[in-house]
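Below is one structure; the comments refer to it alone.
Atoms within each ligand, like the ligands themselves, are counted from 1 in listed order. Heads up: numbering here begins at 1 and tracks the sequence.
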Amino acid sequence: MIKDLLTEEPCGQHTVTRGWVRTKRTMKNLVFIEVYDGSCFAALQCTFDRTTELSIETQTTLDALSTGASVEISGKLVSSPAQGQCVELAADEARLIGAASGESYPLQKKGHSFEFLREIAHLRPRTATIGAVARIRSRLAYAVHTFFQEQGFQYVHTPIITTNDAEGTGAMFQITTLDLAKITAGTLDYSKDFFGKKAFLTVSGQLEGETYAAALSRIYTFGPTFRAENSNTSRHLAEFWMIEPEIAFAHLEDDMALAEKFIKYLFTDILDKHSDDLEFFDTHIEKGLIATLQSVADSRFTHITYTDAIRELEHHAANFEFKPFWGCDLQSEHEKFLTEQLAHGPVIVTDYPKEIKAFYMKTNSDGKTVRAMDVLVPRLGEIIGGSEREDDLEQLQLRMRELGMDIPSYWWYLDLRRFGSVPHAGFGLGFERLVQYVTGMANIRDVIPYPRAAGQAEF
Ligand code: ATP
Ligand code: MN
């Protein structure tokens, strides 16, 4: 792979490389072909000298090659006189593997808009930006697994199909095998549906995750989740990946410590392993990106309760469009203030009003707030949301009744509080939001290979 070649000491060894043509330039008798294979950010420059003896096949290939074609090129690896690269291939043989039918190849020129690239999502990983996103995404996924496995967490696959319709997290996609064309108003009979009742795509693996934490102590889930978000924002997808660790015999403090360690591990790893890709994003997508990631990795996260945070925000109310008050959900501008102005670094806000948080969070003794925590980072705001879970059966049922939830359908979730209940806590991290933060990409649709959003499910 080109990645390996570029780290080798160039001493004229004979090498064969395969990849796709990014550019072809001709200068007098020299032909420069930039070949990439996606193994790293850089492409390999292959230089042919037409005054030397070249086979007929090589000569025809050099004439026919165009951007996007796949080739095999051999030559000697030598140190490069050109700026910005240390090795190049003094090439003597080229073989066309697959031509890219000339003019009609959509990626002829550089600088296509991301909107346009989404329309050719099957070809866009061949661009420098989307290729770099794909490598970073892959490495982050690996780092997620490595982090948890090294800390003794077991990876649990939670179901994608669920029949809990009231997790209270947002709109769900219903799934059915009933013949919709034959159904007339008022005749739906879910007992005849595939699962014998209404079924949906999951919005979170947390509740099932909790059941495995109550058996294996430390678990994490990492899988696809679905939300029928019609909001059309640059931060929401209909299909996205979520990471949800859950720890037993643990309180909110343990949860916060885990979240901090996790974020720092991921950033340190990606800075170390993908500096070439990150430099590209820092230069072309978001200036200061590397410095931000490094500062989060080196920082100590500040802890503040929601109540104290609101007090601070109220002191600076003049700065905000949305006036902060106790009971309000924190807006982006508030989160930005807390990280960038107040703490000058990451902040964990704890103990939110129960009304703005999920039913399963543990109620504090004040009866008004719950043991929730959100991790906020500079530039983005919330990156992680978590909590200690209500482990007391009575309290949990009380809260579910207050919210008018269908308690019997949660019998299995409540059983955890009946049999060997333990304090436990966990959090959720949207994987695409993480990739967005690490790359600086403005739109979440550009950090997942095939984005699914309202009106968009091509490919
Ligand atoms: P938001 O306020 O941004 O809609 P949320 O409060 O609905 O987020 P949670 O229910 O806490 O989010 O979900 C956990 C995590 O999943 C979020 O912190 C976020 O990173 C991610 N997430 C939520 N909804 C989406 C979505 N539609 N697309 C991509 N990621 C999402
Ligand atoms: Mn949401």
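Short contacts between ligand 1 and Met242, defined as distances under 4.0 Å to a heavy atom of the residue, involve ligand atoms 14 (C), 15 (C), 16 (O). Close approach of ligand 1 to Ile444 (heavy-atom distance below 4.0 Å) involves ligand atoms 29 (C). For ligand 1, the atoms lying closer than 4.0 Å to a non-hydrogen atom of Glu229 are 24 (N), 26 (C), 27 (N). Ligand-side atoms of ligand 1 in range of Gly430: 15 (C), 16 (O), 20 (O), 21 (C), range being under 4.0 angstrom from any heavy atom.
Panel note: side chain Asp37, backbone Ile2; a donor-acceptor pair is recorded below 3.5 Å.
Remark: Asp366 engages no residue in a salt bridge (charged side-chain N to carboxylate O under 4.0 Å, His left out) (not counting sequence neighbours). With sequence neighbours left out, Glu239 forms a salt bridge (charged side-chain N to carboxylate O under 4.0 Å, His left out) with no residue at all.
For atom 1 (P) of ligand 1, the candidate residues are His236, Gln206, Arg235; the nearest heavy-atom contact is made by His236. The option with the heavy atom closest to atom 31 (C) of ligand 1, from among Phe240, Tyr437, Trp241, Phe427, is Phe240.
The existence of a salt bridge linking Arg399 and Glu394 is excluded, since no basic side-chain nitrogen approaches an acidic carboxylate oxygen closer than 4.0 Å. Using a 4.0 Å cut-off between charged nitrogen and carboxylate oxygen, Asp446 and Arg118 count as a salt-bridge pair.
Ring centroids of Tyr437 and Phe267 are separated by less than 6.0 Å, placing the two rings close together.
With a 4.0 Å cut-off on non-hydrogen atoms, Glu382 touches ligand 1 through its side chain and not its backbone.
Note: no N/O pair closer than 3.5 Å links Ile383 and ligand 1 by distance alone.
A heavy-atom separation below 4.0 Å is found between Arg227 and ligand 1.
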**Message:** Tyr220 vs Gln149, test: side chain to side chain donor-acceptor pair (under 3.5 Å). Steps then yes/no.
**Reply:** CA-CA 9 Å; Tyr220 68 106; Gln149 296 284 337; 2.9 Å; yes
